[in-house]
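Accompanying notes for the structure given below.
Keep in mind that what you see is a predicted model, and the values were worked out from it rather than measured. Chain letters run A, B, ... following the sequence lines, proteins first, then strands; residues in each count from 1.
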2 protein chains.
Amino acid sequence: MLNSYSSADKVLLAVDCIIFGFDNDGLKILLIQRDFEPEKGKWSLIGGFLKRDEVLDAAATRILNTYTGLNDIYMEQLHAYSEIDRDPVERTISVSYFALINIENHNAELIKNYHAEWFPINDAPNLIFDHNEMVENAIKRLRYKTSIKPIGFELLPEKFTMRQLLELYEAILSKELDKRNFISKINSLEILNKLDEKDMQSSRKGSYLYTFNKEKYEEKLLNNFVLNL
Amino acid sequence: MLNSYSSADKVLLAVDCIIFGFDNDGLKILLIQRDFEPEKGKWSLIGGFLKRDEVLDAAATRILNTYTGLNDIYMEQLHAYSEIDRDPVERTISVSYFALINIENHNAELIKNYHAEWFPINDAPNLIFDHNEMVENAIKRLRYKTSIKPIGFELLPEKFTMRQLLELYEAILSKELDKRNFISKINSLEILNKLDEKDMQSSRKGSYLYTFNKEKYEEKLLNNFVLNL
DNA sequence: ATTTATTAATGTAGATTTTACACTTACATA
DNA sequence: TATGTAAGTGTAAAATCTACATTAATAAAT
């Protein structure tokens, strides 16, 4: 009977984390080499099992930390994957989570100690189980999110140039954007502070640095703005 | 250890179905009265447990059919809910699914036999567990979906008037729409067939009936159109 | 001191899309 | 044949989006 708890089947519930990162080389994804069977040695998303006394969000955070040392990463739930044989060992349903982080802010050392590695999004190895599908879906969501939130700022250093911001969006959307139109659209959101300071790395002229204005952003967010790039 | 299947905790996995329907009285939701403890007699989403040899999509379909007799309803996965005590009997994670159906096409008799009932979306009873939250999130998704798919057609009779279509969208978005602008936006999609036939119920003049042109719609869908109402 | 090379910064006109808005038409009923 | 009711229809102004090229600032080289 359906209305009976006792006769219902229990299953393993896993969480898999899709961590996107950005640095000067573009958009990347964080993967680990499995250190246990099955598929030991193959590349995989960062994953683990939900504990009985833990909510899914907490499991995702714990698992990410366990395998990478990363802390305080806000992840968003994406989708539950439930194909019968997706994990050959035992019936396992997996819930995917994703996040976007700034690679440079997140101690590369720690990640190294844990055997996690960044791969360019367009040059990543084949993954175990249904992890490739999970990543594809996460990329779609990431693209969608750029249109409703200025999500990219989390991926940049605190002070950044317009060019960096442009290149970030180009990497996420994988298309070229018109520089002038991009700048005026971003400016029209009024969520950036233009500093007096310039970044002199990139050119002789130097380019102005900006910071993200969190207060103004929160304000905007209430109005459900849309950003068409 | 995380890398051990045998030591991982197993949990119950449930599915809850949020079924939206539309008829001349507006947008409704399908609920049932629990016939077992806990919360027996209270109103609830249509839900049940995943079986070991079943994928989530199939479980949602089976459970919906078991409690309502409804068949061939395409549902879409929404979100996994995992609060520790969301179900007081036993640790249960629930994955929500939602669908939109045409109330008149789906034999009210069958639903009656199964004690399921339609409630106006704005006048539904309080629900058990976290089901209210599930419904709220489903409504948000429903609104979003109107902007990227002409999703509403599934809710109307095969032949419908522009007014019916307009009222459907107004119910989903819960805002008034300009009649002329609505019609021209819908027409510009070129996914309707205007029939020679008129519906004489609504007025002396009568209003033209339309059908949904599935082929043209499939064509459009490839181009990821957006419908800004 | 002057030239050169490099990237940053900036504005606009035309095209497209969106919005706001009111009168006429067709028909059944009285 | 007059009346009442909802259906059907078009446009001008505003807003947004797109495509596009020149000048400015500076460091390095001469």
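Of the residues in residues 156-165 of chain A, none has a non-hydrogen atom less than 4.0 angstrom from any atom of DNA chain D. The stretch residues 188-195 of chain A has no heavy atom under 4.0 Å from DNA chain D, so no residue of it qualifies as close.
Between the CG atom of B:L166 and the C1' atom of D:dA6 there is a distance of 13 Å, given to the nearest Å. Atom P of nucleotide C:dA20 and atom CZ of B:F182 are separated by 16 Å, given to the nearest angstrom. For B:L177 and C:dA20, the CG to P distance is 12 Å, given to the nearest whole Å. The interatomic distance linking B:I183 (CD1) with C:dT19 (P) rounds to 16 Å, in whole Å.
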Once base and sugar-phosphate atoms are separated, protein heavy atoms under 4.0 Å mark nucleotides 17-30 of chain D, 5' to 3', with B, S and - as SBBBB--BBBBS--

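A distance of 11.5 Å separates CD1 of A:I103 from CD1 of A:I19, quoted to the nearest 0.5 Å. Rounded to the nearest 0.5 angstrom, A:L156 CG and A:E158 CD are separated by 11.5 Å.
Heavy-atom neighbours of A:E218 CD from other residues, nucleotides or ligands within 6.0 Å: above the threshold of 12.
Partners of A:F212 under the ring-ring contact (aromatic ring centres under 6.0 Å, His included) rule, at least two apart in sequence or in another chain, are A:F153, A:Y217.
Judged by a 6.0 Å distance limit and a 45° cone about the ring axis, A:K194 is positioned over the six-membered ring of A:Y208.
The stretch residues 114-124 of chain B participates, sequence neighbours left out, in no side chain to side chain donor-acceptor pair (under 3.5 Å) pair at all.
A:I18 has its side chain out of reach of A:L142: every pair of non-hydrogen atoms, C-beta onward, lies at least 4.5 Å apart.
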Return all side-chain donor-acceptor pairs below 3.5 angstrom for residues 163-170 of chain A, not counting sequence neighbours, or 'none' if the list is empty.
from   : atom 1 : to     : atom 2 : distance (Å)
A:Q164 : OE1    : A:T161 : N      : 2.9
A:E170 : OE2    : A:L177 : N      : 2.8

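For the side chain to side chain contact (heavy atoms under 4.5 Å, CB included) criterion with B:T68, the lone passing option out of B:T66, B:N65, B:L70 is B:L70.
Between B:F98 and B:F20, the ring-plane angle classifies as perpendicular under the 30° and 60° cut-offs.
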